[in-house]
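The structure appears right after this line, and notes come after that.
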2 protein chains.
Amino acid sequence: MPKRNSSQRLESVSCATLHRLSEYLRCLRHLESIGITKTSSRDFAERFHLSAVQIRKDLAQFGEFGIRGVGYDVSQLAGRISSLLGLDQGRSVIVAGMGNLGSALTRFLSFGPETFEVVGGVDCDLAKIGDKIGHLTVRPVSELRQLVRETKAEIGILAVPVAAAQSVYDEFVAAGVQAVLNFAPIRLRIHANVRTRNVDLQVYLEELSYFLQTT
Amino acid sequence: MPKRNSSQRLESVSCATLHRLSEYLRCLRHLESIGITKTSSRDFAERFHLSAVQIRKDLAQFGEFGIRGVGYDVSQLAGRISSLLGLDQGRSVIVAGMGNLGSALTRFLSFGPETFEVVGGVDCDLAKIGDKIGHLTVRPVSELRQLVRETKAEIGILAVPVAAAQSVYDEFVAAGVQAVLNFAPIRLRIHANVRTRNVDLQVYLEELSYFLQTT
DNA sequence: CCATGTGAACAAATTCACAGCA
DNA sequence: TGCTGTGAATTTGTTCACATGG
């Protein structure tokens, strides 16, 4: 039996699988919170309208997590998924662009689980420098590199206007951030060594628009 | 030659294709804005690091848009894509949840193209009722149905806390909204007749987290 | 001749069907 | 027996190679 080592990152895992794993994790945490300690792929799938086979296939890429004939231990499975997503260690996040969206995202993150901590915020707009977002002080974008170095931030959130997006992205890359979540509606020239994920409100709305029946 | 009618919605178009079409459209608008009137799939792909064949395949699902041996007319192609995404008619949007995120999204949309207009905002929090977001007055969630009817809104944006998300989603559905963009980190029990798209910051961050090498 | 548009080949992802183990 | 884990079948999506036509 080819035992996979769940502590090392596989390059070959699809984005779709990771997406689902993250959702599974959330659902498991929910079960935990309501006191359910055991589940099966079938039961789990039915509760959250997922696919039971898909769940098993997704997990199979990382090892064996259940007991045949029985099912899964909720907390244990949650722990294993959390660990393989790299969530047992905290992740520091820096937000670039402290406008409406940037500050909303910052506040949003302070509610969620402690895994992702916003440790810094920068803005191009000089008027915003020194503003307080929660307990965070907005600093000039020119200090981004220093800030990343100071905080050892691994993730950058890009919430600046389109015009500044590419250059701030490049700053993030130069500063040594390993992943970027981009909210600017632009196709960035991506740096290969930095995982970049786009979140594009306008694209999502346009996708939905297609399905609005005119009949 | 099986001529497709680009004015009717095909049920069979993949989400990935729609996503790309929306991106093509944005890129075309960019070319327009810098005065470029003609392009080819190759040229276009190189400019925006896309795949030339993919572009042609995506377009092929809807008809013929180019001239063999020549390429595409930028404005014309933009118009055709815009039309098949259903963007030539305006779309009314209602935002539920006028907290940080909701109001940021509202403001964000007032910058983008006029296709999507936020025509109403509601909140569960009584303290927020009556607040002004731009020229919009926040109304109680109990008036959601009436608001949808008044404005003929087709799209709902769900930016309420997790605890309220399912019930407000159900309200959107009951009110007759045709599509929902959900920002609450929860797996909604989806209504089949309503296109629902989740945008989940936490999931995106967890996906990125996986790739943060610990080596 | 050149770039589009497309059938055919290929790859990836999902689903099926069942083997294997508690 | 019941549910996990998995090879095989299927579906879906992408890439290739070229026929088509301005």
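First the proteins, then the strands, lettered A, B, ... as listed; each starts at 1.
Atom-to-atom, CZ of B:F44 to P of C:dC2 comes out at 23 Å; the value is rounded to the nearest Å. The CD atom of B:Q61 sits 17 Å away from the P atom of C:dT4 (whole-angstrom rounding). Atom pair A:R68:CZ and D:dT6:P shows a separation of 6 Å (rounding to whole Å applied). If you take CG of B:L77 and C1' of C:dG5, they are 14 Å apart, rounded to a whole angstrom. The distance from atom CG of A:D58 to atom C1' of D:dT4 is 14 Å, rounded to the nearest whole Å. C:dA13 atom P lies 17 Å from atom CG of A:L59, rounded to whole Å. Atom CD in B:E64 sits about 10 Å away from atom C1' in D:dG21, given to the nearest Å. Atom CG of A:D73 is separated from atom P of D:dC3 by 16 Å (rounded to the nearest Å).
A donor-acceptor contact shorter than 3.5 Å is absent between the side chain of B:Y24 and the backbone of B:F44. Using a distance-only test at 3.5 Å, with no hydrogens or angles considered, a donor-acceptor pair links the side chain of A:R187 to the main chain of B:H49.
Remark: A:S41 is not in phosphate contact with D:dC3, judged by side-chain N or O atoms under 4.0 Å from OP1 or OP2. Put simply, A:Q54 has no side-chain N or O that comes within less than 4.0 Å of OP1 or OP2 on C:dA13. Contact check, A:Y72 against D:dG5: a side-chain N or O comes under 4.0 Å of OP1 or OP2.
Ring pair B:Y204/A:H19 is tilted by interplanar angle, where 30° to 60° counts as tilted.
When A:T106, A:V160, A:V122 are each tested for a side-chain contact (heavy atoms from CB on, under 4.5 Å) with A:M98, only one passes: A:T106.
Checked by distance alone, B:R56 brings a side-chain donor or acceptor within 3.5 Å of a matching partner on the base of C:dG5. In this model, no side-chain donor or acceptor of A:K57 finds a partner on the base of C:dT14 within 3.5 Å.
You'll find that the side chain of B:R20 is closest to D:dT14, out of D:dT20, C:dT6, D:dT14.
Comparing A:I67 and A:V53 along DNA chain C, the residue whose closest nucleotide (by nearest heavy atom) sits nearer the 5' end is A:V53. In terms of position on DNA chain C, the residue among A:T17 and A:V70 whose nearest nucleotide sits closer to the 5' end is A:T17.
The shortest non-hydrogen separation linking B:F116 to B:I155 is CE2-CD1, 3.8 Å.
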